[in-house]
Structure formats: C-alpha cells, structure tokens
Amino acid sequence: MVVAKGPSHVAKLIAHVEDPAADLPEAARTVLRALTASLQFLSERIDLLDREVARRAREDKEVRRLTTIPGVGPVIATALAALAPPADAFRRGRDFAAWVGLTPSQHSSGGKQKLGATSKMGERTLRRLLIIGASSVVQKAIKHGTRSGSWLGRMLARKPRMLVIVALANKMARTVWALQATGEIYRAPVVAA
C-alpha cells in the first residue's frame with residue numbers, strides 16, 4: 001500500500017485502512033488503525049495551532065503590519081514579533097539581516113572583496129522561515145512572471161534560483177527591520193517605466 005506524503009493525503013490513508021474491501025491482513029489493519037488515529041490527532045492539533053496563530057496575527061497590530069510584506073504570512077510575522085529583538089537594538093537593516101544570518105561570509109583582504117556563501121550564523125528559525133517565504137515569492141514569480149524592470153525579475157534572469165531566494169530573504173529581513181523601526185506599513189516599490 002502506497003500513499004503520498006503530506007497532510008492532505010492522510011484522509012486517503014484512513015479511508016484505505018477503514019475500507020473493508022481493501023486486501024489488508026487483519027493484524028496489519030489493527031496496527032494501521034492505531035497509526036492513522038495518531039496521524040489524525042496530530043493533524044487536528046496542527047489545524048488548531050494554525051487557527052490560533054492566525055487569530056493572534058489578526059489581533060496584533062505589529063504582526064498585521066509585517067504580513068503586508070510579500071512572502072511574510074501569519075506564521076513568519078508572529079515568529080518575527082516573538083523572536084526578534086526590538087528594532088532599536090540594530091543601527092540599520094543590514095545589521096538585522098546579519099543577526100538573522102542572511103549575509104555572505106567575507107574573505108576579504110588588501111582592499112579586495114571576496115564574498116562567500118551565506119554564513120548561516122545567527123537566528124536559525126527566523127532565517128529558515130524567511131527563506132521559505134522568499135522561496136514562495138520566487139516560485140510565484142517564476143510561475144506568473146514579474147513586472148518588467150523589477151529587482152526580482154532582473155535577479156532571476158541572471159542568477160541561480162537559490163541565490164535569488166537567499167538574497168530576497170535578506171531583503172525581506174531588512175524590510176522587516178525598517179517596518180519595525182518606523183512603525184509604517186509596507187508599500188511596494190514603484191518601478192520606473
């Protein structure tokens with residue numbers, strides 16, 4: 001018996017286990033019922049927690065402001081509000097992005113700048129969430145296209161996809177800092193025609 005991965009396929013697995021016409025041995029059916037019961041319980045708990053995060057995101061003014069950034073949903077905005085220090089702890093957005101761990105490591109010497117891979121030092125949870133959010137924005141841009149002349153469109157045309165995702169996550173971190181520092185909401189940049 002093969003069932004695809006993911007929470008959306010749990011119902012198919014449960015239906016197959018409960019189906020009396022399925023050719024499952026009774027011993028296996030008993031064990032699989034126990035497993036599907038625990039999967040169903042976990043799925044319900046995850047749904048409950050998702051609803052709680054969404055409710056808190058609607059009630060918290062700062063989280064609502066952060067969700068105006070493309071790629072930042074209720075989960076990411078709630079995590080940023082909970083885990084990130086106040087904006088005045090950093091002088092600028094670049095420092096916040098470095099604290100999260102979204103800056104390249106430097107191997108510079110004698111005035112010659114050499115930037116390496118992303119350092120991965122810093123707040124691991126926020127970095128992972130920002131990269132996931134940036135990945136969704138890049139995936140949407142690849143599927144539906146971008147405005148002509150946009151930063152993301154130009155980057156996707158000339159750079160590898162993962163590099164663009166991390167660069168966008170860095171840009172998102174800087175935007176988060178700016179919104180927290182100024183108390184404003186996100187306004188999309190205007191592209192000159």
Side-chain angles (χ1 to χ4, degrees), residues 6 50 53-54 57-58 60-193:
D50 280 344
V53 166
R58 283 190 306 272
D60 190 340
K61 186 178 179 182
E62 180 183 357
V63 173
R64 275 197 322 262
R65 278 189 305 105
L66 293 177
T67 56
T68 60
I69 302 169
V72 176
V75 173
I76 297 173
T78 305
L80 284 164
L83 298 175
D88 56 2
F90 305 100
R91 284 193 2 220
R92 55 186 165 265
R94 181 187 308 174
D95 297 336
F96 177 70
W99 177 81
V100 172
L102 289 168
T103 54
S105 57
Q106 289 197 22
H107 306 286
S108 305
S109 159
K112 190 169 198 170
Q113 242 189 4
K114 289 184 183 177
L115 299 177
T118 304
S119 66
K120 295 185 183 162
M121 305 277 289
E123 174 52 52
R124 153 184 228 179
T125 304
L126 293 180
R127 180 178 61 249
R128 184 170 36 94
L129 288 172
L130 286 169
I131 287 174
I132 289 169
S135 178
S136 71
V137 171
V138 167
Q139 188 174 14
K140 182 180 175 188
I142 289 171
K143 188 174 182 178
H144 299 292
T146 60
R147 293 187 314 220
S148 63
S150 70
W151 176 85
L152 184 58
R154 291 191 317 268
M155 287 290 285
L156 284 170
R158 65 176 206 252
K159 299 286 184 183
R161 183 172 162 215
M162 194 62 201
L163 189 141
V164 174
I165 290 171
V166 174
L168 181 59
N170 181 311
K171 195 171 186 174
M172 287 167 55
R174 291 174 182 220
T175 304
V176 165
W177 177 85
L179 293 186
Q180 288 179 332
T182 62
E184 295 180 9
I185 62 167
Y186 177 79
R187 291 184 304 273
V190 178
V191 178

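Quick note: numbers below take in every heavy atom, side chains included, and nothing from hydrogens, waters or symmetry partners.
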>> For Gln180 versus Glu62, what's the shortest heavy-atom pair and its separation?
In response: NE2-OE2, 2.9 Å

>> I need the minimum non-hydrogen distance between Arg174 and Ala97, along with the two atoms involved.
In response: CG-CB, 4.3 Å

> About how many Å separate NZ of Lys61 and CD1 of Ile185, when rounded to the nearest 0.5 Å?
Replying inline: 11.0 Å

>> For the backbone of Leu156 and the side chain of Arg161, can you confirm whether one donor and one acceptor N or O come within less than 3.5 Å of each other?
In response: no

> Between CG of Leu83 and OG1 of Thr78, what distance do you get to the nearest 0.5 Å?
Replying inline: 10.0 Å

Counting only pairs under 3.5 Å, give me each side-chain donor-acceptor contact of residues 128-142, with atom names and distances, residues two or more places apart or in other chains.
unit_1: Ser136; atom_1: OG; unit_2: Gly133; atom_2: O; d: 2.7

> How long is the gap from NZ on Lys171 to CG on Leu102, to the nearest 0.5 Å?
Replying inline: 14.0 Å

> If you round to the nearest 0.5 Å, how far is CE of Met155 from CG of Leu163?
Replying inline: 5.5 Å

> Got Thr146 and Trp151 here, is their nearest side-chain heavy-atom distance under 4.5 Å?
Replying inline: no

> Are Ile76 and Leu80 side-chain neighbours, meaning at least one heavy-atom pair lies under 4.5 Å?
Replying inline: yes

>> Measuring from atom NZ of Lys159 to atom CG of Leu152, what distance do you get when rounded to the nearest 0.5 angstrom?
In response: 14.0 Å

> Can you list the residues that meet the ring-ring contact (aromatic ring centres under 6.0 Å, His included) rule with Phe90, with sequence neighbours excluded?
Replying inline: Phe96, Trp99

> What are the two closest non-hydrogen atoms of Tyr186 and Pro70, and how far apart are they?
Replying inline: CE2-CD, 3.3 Å

> Do you know which two heavy atoms are closest between Ala57 and Pro74, and how far apart they sit?
Replying inline: CB-CB, 3.7 Å

>> Surrounding CZ of Arg158 (heavy atoms of other residues, nucleotides or ligands, distance under 6.0 Å), is the total greater than 12?
In response: yes

>> Just checking Arg92: does its CZ atom have more than 12 heavy atoms from other residues, nucleotides or ligands closer to it than 6.0 angstrom?
In response: yes

> So, the side chain of Arg127 versus the backbone of Val100: is there a donor-acceptor pair under 3.5 Å, distance only?
Replying inline: yes

